[in-house]
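Take a look at this one; I'll ask things after.
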Amino acid sequence: MASDLLTGFFHEINHQNIEYAVLRNYEGLPYKIKSKDVDIVVNPTSLYKTEEILLHTAKKFGYQLIWSNHLDYLRGFSLVKLENNKVFSVKIDLFFGFKWHGCTYLNHDLIFDNINYYNDIKVPNKGHEALIMIVYYVLYAKRIDEKYHDEIYNNAVNNFENFQAIVHKTFKNKLGNSIIDRVKENKIKTLEKLRPQIKKDVVVHSFKNDFLIKTYLKHFITEVFDRNNMGTLIAFSGPDGAGKSTLVKVVMELFCSLGISHNPIPDHFLSNNVPSLHKLPGAPKKYAEQDYTKPYQTKTTGFFNSSLRTTYYYLAFLFDRLLFIKKKKRSNQIVVYDRYYTDLIVDPSRIRIGLKKSLVRKLFLSLPKPDFTFIILAEVDQILNRKEELSKDKLQELLFEYNELPKRMANCEVINNIGSLQEGQTNILKSVFDKLNKFN
């Protein structure tokens, strides 16, 4: 936990009288956190100042920005520091007011006028927090997770006057009374049924009081166009036995803990949506029975079969990128592949392609590139001890080709995994952090 960064950040925004409130899961801050991120609502007029303070404080304490999220209702930041072989990290989302699809669903002044404190950190009144959770989860998640039911109920009934007051200031009497009655009866699940009414009330209120067309247009542009430039694709390549998968696991654990990658297991060559050739309907049974953890046990195929394989995998990687990876990137994920078409550029024989290597290389280099490619290598003897199927000559050939790959691809870096496991983990994290920091 980045407790030094959080302590310094909260101290500074308190000192500069920024209007803010940590929205939920703040128990334990700044030393512990119950969720993957710290959600903070700030007065929209103070957004850029707050962002500036956060990034300045991060730099002061030696943190790097490895991921950012610029939406029409929030700014998100994932910050990390590698110190003494340990990673300190935090993800912070700065919400500027309470927005949904360009509409204001709650007046932020009502929250800031009734602030409480937790460990010198500004938090909402508990009654207000109950309504914030209800409306946020109903609008954004379309459901209220059962784990939040008791918290919403207890916050509301134990601070009922505040809860009742803010509900009536936010929604019309009939809808407001329905929300209050359902909470009083501890029927939190049934609040989800009010979503159509809540949506309508929020839109009508915003139309009357805000520049709704302008704010909705901003939301539309963000969702339809800006998301095309979001997300990051990282590919890890290298010969079998270099310790690549072990090191990638450390990266994935961190990304998933921060919520910037949704899948704890990286994709391999292709996503699950695009099958390998041997998994296609009608593929010869002998291909399905092949041990694909030992790719060099079988010989390359002839010209026709190799041409078929090359064509299929070229199209498979192209469609995977355009259809499935693009979708993940639009949700601003860091998408990670443990092996990618980069391995076929180095060695087409890995998938039994017997065509001229220069031809296959030229073809696959025409595919859309990963944002970053990391080549994990190790010493010859170290790899041979792990992968007996490789001959020394073949391995030396592979190592040479992998070392040449950065000359052929942009944003490609070689990492030599030649020390202890701890050193390897530190080196790969440092390289990944440095690349992502420049990217952001």
Inset, instruction - Examine the side chains of Asn440 and Ser68 and answer whether a donor and an acceptor come within less than 3.5 Å of each other. - result: yes
Inset, instruction - Work out which heavy atom in Pro266 is nearest to a heavy atom in Val248; give both atom names and the distance. - result: CG-CG1, 3.9 Å
Legend entry - Pairing of Glu192 and Arg195 as salt bridge, 4.0 angstrom limit: no
Inset, instruction - State whether the number of non-hydrogen atoms from other residues, nucleotides or ligands found under 6.0 Å of Tyr140 atom OH is greater than 12. - result: yes
Inset, instruction - Give a yes or no on whether His70 atom NE2 has more than 12 heavy-atom contacts from other residues, nucleotides or ligands under 6.0 Å away. - result: yes
Legend entry - Side chain Thr215, main chain Gly102, donor-acceptor under 3.5 Å: yes
Inset, instruction - Can you establish whether the number of heavy atoms outside Lys249 located under 6.0 Å from its atom NZ is more than 12? - result: no
Inset, instruction - Answer yes or no: is there a side-chain heavy-atom contact under 4.5 Å between Ile33 and Asn25? - result: no
Legend entry - Distance in Å, Ser89 OG paired with Met1 CE, rounded so as to fall on 0.5 Å steps: 8.0 Å
Inset, instruction - Might you confirm whether atom OH of Tyr216 has over 12 heavy atoms from other residues, nucleotides or ligands at distances under 6.0 Å? - result: no
Legend entry - Lys/Arg-Asp/Glu bridge criterion (N-O < 4.0 Å) met for Asp434, Lys438: no
Inset, instruction - Scan side-chain atoms only and decide if Thr104 and Lys99 contain a donor-acceptor pair under the 3.5 Å cut-off. - result: yes
Legend entry - Centroid-centroid under 6.0 Å between Phe319 and Tyr314 rings: no
Inset, instruction - Look only at the side chain of Asn119 and the backbone of Leu29, and say whether a donor-acceptor pair between them is shorter than 3.5 Å. - result: yes
Inset, instruction - Spell out, as yes or no, whether a donor-acceptor pair under 3.5 Å connects the side chain of Glu423 to the backbone of Ser420. - result: yes
Inset, instruction - Among Asp39, Asp145, Asp93, find the residue that satisfies the salt bridge (Lys or Arg N to Asp or Glu O under 4.0 Å) test when tested with Arg24. - result: Asp39
Legend entry - Ion pair Asp338/Lys244, N-O distance below 4.0 Å: yes
Inset, instruction - Taking the side chain as every heavy atom from C-beta outward, state whether Leu344 and Phe269 have any pair of such atoms under 4.5 Å apart. - result: yes
Inset, instruction - Measure from the side-chain N and O atoms of Arg143 to the backbone N and O of Val138, and report whether any donor-acceptor pair falls under 3.5 Å. - result: no
Legend entry - Pair Lys49 + Glu52: basic N to acidic O under 4.0 Å: no
Legend entry - Within 45° cone of Phe88 ring axis and under 6.0 Å: Lys81 NZ or CZ: yes
Inset, instruction - Flag the pair Tyr105 / Tyr136 as yes when their ring centroid distance falls below 6.0 Å, and as no otherwise. - result: no
Inset, instruction - Using atom types as modelled and distance alone, determine if a side-chain donor or acceptor of Ser257 lies under 3.5 Å from a backbone N or O of Leu254. - result: yes
Inset, instruction - Examine the side chains of Asp4 and Tyr63 and answer whether a donor and an acceptor come within less than 3.5 Å of each other. - result: yes
Inset, instruction - Classify the side-chain pair Ser431/Glu413 by whether it contains a donor and acceptor separated by less than 3.5 Å. - result: yes
Inset, instruction - Tell me, yes or no, whether the heavy-atom count around Asp226 atom CG, taken from other residues, nucleotides or ligands under 6.0 Å, exceeds 12. - result: yes
Legend entry - Test: Lys357 and Asp347 ion pair at under 4.0 Å: no
Inset, instruction - Taking Lys369 for its side chain and Leu367 for its backbone only, find out whether a donor-acceptor pair lies under 3.5 Å. - result: yes
Legend entry - Ring center gap for Phe236 and Tyr337 short of 6.0 angstrom: no
Inset, instruction - State which residues pass side-chain contact (heavy atoms from CB on, under 4.5 Å) with His108; sequence neighbours excluded, sorted by chain then number. - result: Asn43, Pro44, Phe98, Phe112
Legend entry - Side-chain (Asn263) to main-chain (Ile265) donor-acceptor, under 3.5 angstrom: yes
Inset, instruction - With Arg75 as the cation and Phe95 as the aromatic partner, state whether NZ or CZ is under 6.0 Å from the six-membered ring centre and within 45° of the axis. - result: no
Legend entry - Whether Thr301 side chain and Arg352 backbone form a donor-acceptor pair below 3.5 Å: yes
Inset, instruction - Report yes or no: does Asp371 contribute a side-chain atom to a donor-acceptor pair with the main-chain N or O of Leu233 at less than 3.5 Å? - result: yes
Legend entry - Arg227 side chain to Asn332 side chain, donor-acceptor N/O pair below 3.5 angstrom: no
Inset, instruction - Check Asn85, Val250, Val80, Leu247 against Leu429 for a side-chain contact (heavy atoms from CB on, under 4.5 Å) and give me the one that passes. - result: Val250
Inset, instruction - For residues Trp67 and Leu258, determine if any side-chain heavy atom of one lies less than 4.5 Å from a side-chain heavy atom of the other. - result: no
Inset, instruction - Determine whether Tyr153 and Asn158 make a side-chain contact, defined as any pair of heavy atoms from C-beta on separated by less than 4.5 Å. - result: no
Legend entry - Plane angle bin for His15 and His11 - parallel if under 30°, tilted between 30 and 60°, otherwise perpendicular: parallel
Inset, instruction - Report yes if some heavy atom in the side chain of Phe317 is under 4.5 Å from a heavy atom in the side chain of Phe364; otherwise report no. - result: yes
Legend entry - Atom OH of Tyr118: over 12 foreign heavy atoms under 6.0 Å: yes
Inset, instruction - Say whether Ser331 and Gln333, considering side chains only, have a donor N or O and an acceptor N or O under 3.5 Å apart. - result: yes
Inset, instruction - Compare all side-chain heavy atoms of Asn116 with those of Pro124 and state whether any distance is below 4.5 angstrom. - result: no
Legend entry - Check: Asp343 side chain, Arg339 main-chain N or O, donor-acceptor pair, under 3.5 Å: no
Legend entry - Test: Arg408 and Glu401 ion pair at under 4.0 Å: yes
Inset, instruction - Consider only side-chain N and O atoms of Tyr402 and Glu397, and report whether a donor and an acceptor are under 3.5 Å apart. - result: no
Legend entry - Exceeds 12 heavy-atom contacts within 6.0 angstrom, atom CD of Gln422: yes
Legend entry - Residues, nucleotides or ligands: over 12 heavy atoms within 6.0 Å of Leu217 CG: yes
